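Here is the structure we will look at, set down as structure tokens.
None of these values were measured; they are calculated from a predicted model.
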Amino acid sequence: MKTIGHWINGKSAPSASGRVGRVFDPARAVQTGEVTLASTSEVDDVVRVAREAAVSWGASSLSNRATLLFRLRELLDASRDELAAAVAAEHGKVHSDALGEVARGIECVEFACGIPHLLKGSHSSEVSRGVDVHTELHPVGVVAGITPFNFPVMVPLWMLANAVATGNTFILKPSEKDPSASLILADLVTRAGFPDGVFNVLQGDAEAVRALLTHPGVDAISFVGSTPVARSIYETGTAAGKRVQALGGAKNHMVVLSDADIESAANAAISAGYGSAGERCMAISVVVAVGAVADPLVDAIAARIPDVVVGPASDEASQMGPLITAEHRDRVRSYVQGATDEGARVVVDGSAGRDEGYFVGCSLLDGVKPGMRVYDDEIFGPVLSVVRVDSYDEAIELINSNQYGNGVALFTRDGGAARRFTRQVDVGMIGINVPIPVPVAWHSFGGWKASIFGDAPIYGPEGIRFYTRPKVVTSRWPESTPTAVDLVFPANR
């Protein structure tokens, strides 16, 4: 049984806390390792290392940072299968899905490789006689990233790439449920030539998170996870004077209008609802069927569910793996098993799963309405709910009254309806005939309402903004013309 430890100052570092957590293969329900859990004193140690490294790294040239990022990109590309295998072993997602996660993470590194361009400031000449003004972007210092179990490669790369590109040092606190991928990332960063201390991995649980949130040596916090935790992270971190980006949960809707292609919409619902066993913050969990489209759409989705192959990543035929823990499996099952009592119709009951591992199958519920647990809660599993509405306007009202505003999709052939939809819906990421509208790396990811706290979306241009502080320099160089004392407030005209 392996032990997963920290990575501090460029090398593997065992823990001295004496506390460990158990790591499982969710496809077999078998413990495969122990992860060390950092103490508060170990948090102090890693922050000290990161602060020391930040001095020289923040002063390093942009060309050097870009060179190292290009090297990291090549190492990540060569390590796709190794990273995907680590994800499959501890998260449970199938290999093809894990490879997709790795690919989207690499995109963020590719974006950050353009850091010499991304950090270009602005300049205004002769704003007043002989006076020029320019803006520079400087690193914030030490950044801590607290990442979720469902994307143990992609989400760290969302943060890491832009954080180090902009001259910050980075401390990753990955999920203790699937920590091994973090050490592969750390090894690749070191092999790419990044200086020791620029990227550190601190394994841990709530004790480590609390210490990072309040540590005076940490300047910024990046977080992705559930809404209750995101709210707590934001409130605690900002109260401690830190810059915080905190992305929370979701209840993503897919609206299908009467003119939509039923076959395409059904395929999209299956892919977006059940991919990665529904453990995605951008998964479609609610299909909003408008008018007469409901019956044929429900039938088309139900007809496709038996073709979804549920099984372990070790089986190449598998399309959907297990859930992350036994507790989460049981929680997801409870929603399906209690749906009838709430007034919903269970069209397909996949709650039985398999004999071994933390598997559940794909479930489809019809007649779901606001106020039911299956609608109101973020289930985070392969449970797809169908809400029937009579009109486009009713669909908009349904979505806008939901507490979450992460992602939404619209399936239609009507360009006018699509254009109105993008303006009327109160959601941060919108797909038109695209079921999972995760932005490419050169745009930014972030929802609205209870799906985000603060005003800082993640990665892309907003990531550059979050990890930098502007300095505005106003300068005048002396000429032969003498100056005089002037106590009047300076004016530009």
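- With a 4.5 Å cut-off on side-chain heavy atoms, L183 and S12 do not count as touching.
- Judged by a 6.0 Å distance limit and a 45° cone about the ring axis, K173 is not positioned over the six-membered ring of F223.
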What's the verdict on side chain to side chain contact (heavy atoms under 4.5 Å, CB included) for V387 and L398, showing C-alpha distance, side-chain angles and the deciding distance?
CA-CA 9 Å; V387 176; L398 177 79; 3.9 Å; yes

Yes or no on side chain to side chain donor-acceptor pair (under 3.5 Å) for Q245 and Y467, after CA distance, side-chain angles and deciding distance?
CA-CA 10 Å; Q245 57 182 179; Y467 295 127; 3.2 Å; yes

With side chain to side chain contact (heavy atoms under 4.5 Å, CB included) as the criterion, how do T227 and F453 come out once you've worked through the C-alpha distance, each side chain's angles and the decisive distance to 0.1 Å?
CA-CA 9 Å; T227 284; F453 295 88; 3.9 Å; yes

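- You'll find the side chain of P312 reaches within 4.5 Å of the side chain of S318, heavy atoms only.
- Test W57, F170, F199 against F194 for ring pair (Phe, Tyr, Trp, His ring centres under 6.0 Å) and you get one pass: W57.
- Contact between P382 and V360 at its shortest, heavy atoms only, is CG-CG2, 3.5 Å.
- Using a 4.5 Å heavy-atom threshold, the side chains of I305 and I270 count as touching.
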Stepwise side chain to side chain contact (heavy atoms under 4.5 Å, CB included) test for V386 and L364:
CA-CA 8 Å; V386 177; L364 178 64; 3.9 Å; yes

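- S79 contributes no side-chain N or O that, together with a main-chain N or O of E82, makes up a donor-acceptor pair within less than 3.5 Å.
- A donor-acceptor pair is defined here as one N or O able to donate and one able to accept, closer than 3.5 Å; no such pair exists between the side chain of N168 and the backbone of V142.
- Side-chain atoms of D178 never come within 3.5 Å of backbone atoms of N150 as a donor-acceptor pair (strictly under, hydrogens ignored).
- Here the closest heavy-atom approach between residue R280 and residue I436 is recorded as NH1-CD1, 3.3 Å.
- The backbone N or O of R373 sits less than 3.5 Å from a side-chain atom of E342, completing a donor-acceptor pair.
- Shown are V201, V224, L185; of these, the side chain to side chain contact (heavy atoms under 4.5 Å, CB included) with P156 is made only by L185.
- Heavy atoms only, all atoms of each residue included: G381 and V332 are closest at CA-CG2, 4.1 Å.
- Taking a cutoff of 4.0 Å between a charged side-chain nitrogen and a carboxylate oxygen, R80 and D77 qualify as a salt bridge.
- For E101 (side chain) and V153 (main-chain N/O), a donor-acceptor pair under 3.5 Å exists by modelled atom type.
- Nearest heavy atoms, A66 versus C113: CB-O, 3.7 Å.
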Check the pair E42, S15 against side chain to side chain donor-acceptor pair (under 3.5 Å), reporting the backbone distance first and the verdict last.
CA-CA 8 Å; E42 288 173 309; S15 177; 3.0 Å; yes

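- A donor-acceptor pair under 3.5 Å is formed between the side chain of R65 and the backbone N or O of S60.
- Scanning both residues, G217 and H215, for their nearest heavy atoms gives N-ND1, 2.8 Å.
- Using a 4.5 Å heavy-atom threshold, the side chains of I430 and P437 count as separate.
- The environment of NZ in K369 is sparse: at most 12 heavy-atom neighbours from other residues, nucleotides or ligands sit within 6.0 Å.
- Here the CD1-CG distance, from I171 to L160, works out to 12.5 Å after rounding to the nearest 0.5 Å.
- Expressed to the nearest 0.5 Å, how far CD1 of I399 lies from CE of M254 amounts to 11.5 Å.
- Of the inter-residue distances, the one linking E207 atom CD with T40 atom OG1 reads 4.0 Å to the nearest 0.5 angstrom.
- Within the 4.5 Å cutoff, the side chain of Q319 has no heavy atoms near those of the V94 side chain.
- Ion pairing between R73 and E110 holds under the 4.0 Å rule for side-chain N and carboxylate O.
- Taking the six-membered ring for Trp and the full ring otherwise, the centers of Y375 and H253 sit less than 6.0 Å from each other.
- Using a 4.0 Å cut-off between charged side-chain N and carboxylate O, E107 and R104 make a salt bridge.
- Checked by atom type and distance alone, the side chain of S39 never pairs as donor or acceptor with a backbone atom of S17 at under 3.5 Å.
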Which atom pairs, donor and acceptor, lie under 3.5 Å between side-chain atoms of residues 3-10 and protein residues at least two apart or in another chain?
| unit_1 | atom_1 | unit_2 | atom_2 | d |
| --- | --- | --- | --- | --- |
| H6 | ND1 | Q203 | N | 3.0 |
| W7 | NE1 | T190 | OG1 | 3.4 |

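- In this structure, CZ in F380 is found 9.0 Å from OG in S226, a value given to the nearest 0.5 Å.
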Pair V229-I146, side chain to side chain contact (heavy atoms under 4.5 Å, CB included): steps then yes or no
CA-CA 11 Å; V229 179; I146 303 164; over 6 Å; no

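- Remark: M1 CE to Q31 CD distance equals 4.0 Å, nearest 0.5 Å.
- Not a single donor-acceptor pair under 3.5 Å links the side chain of H91 to the backbone N or O of S276.
- In this structure, the side chain of E90 engages the main chain of S180 through a donor-acceptor pair within 3.5 Å.
- None of R51, K242, R469 except one satisfies the salt bridge (Lys or Arg N to Asp or Glu O under 4.0 Å) rule with D219; the exception is R51.
- In this structure, K449 and D426 approach most closely via the heavy-atom pair CE-O, 3.4 Å.
- Screening Y459, F151, F111 against W158 for a ring pair (Phe, Tyr, Trp, His ring centres under 6.0 Å) leaves a single residue, Y459.
- To the nearest 0.5 Å, the span separating CD on E176 from OG on S182 amounts to 11.5 Å.
- For the pair K177/P26, no side-chain contact is recorded, criterion being any heavy-atom separation below 4.5 Å from C-beta on.
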Verdict with reasoning, R465 to E462, per salt bridge (Lys or Arg N to Asp or Glu O under 4.0 Å):
CA-CA 5 Å; R465 181 184 70 83; E462 292 293 331; 2.8 Å; yes

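- Within the 4.5 Å cutoff, no side-chain heavy atoms of I379 are placed close to those of S285.
- Between R331 and E327, no side-chain nitrogen of the basic residue sits less than 4.0 Å from a carboxylate oxygen of the acidic one, so the salt-bridge criterion is not met.
- Side-chain contact between M159 and T147 is present, with at least one heavy-atom pair separated by less than 4.5 Å.
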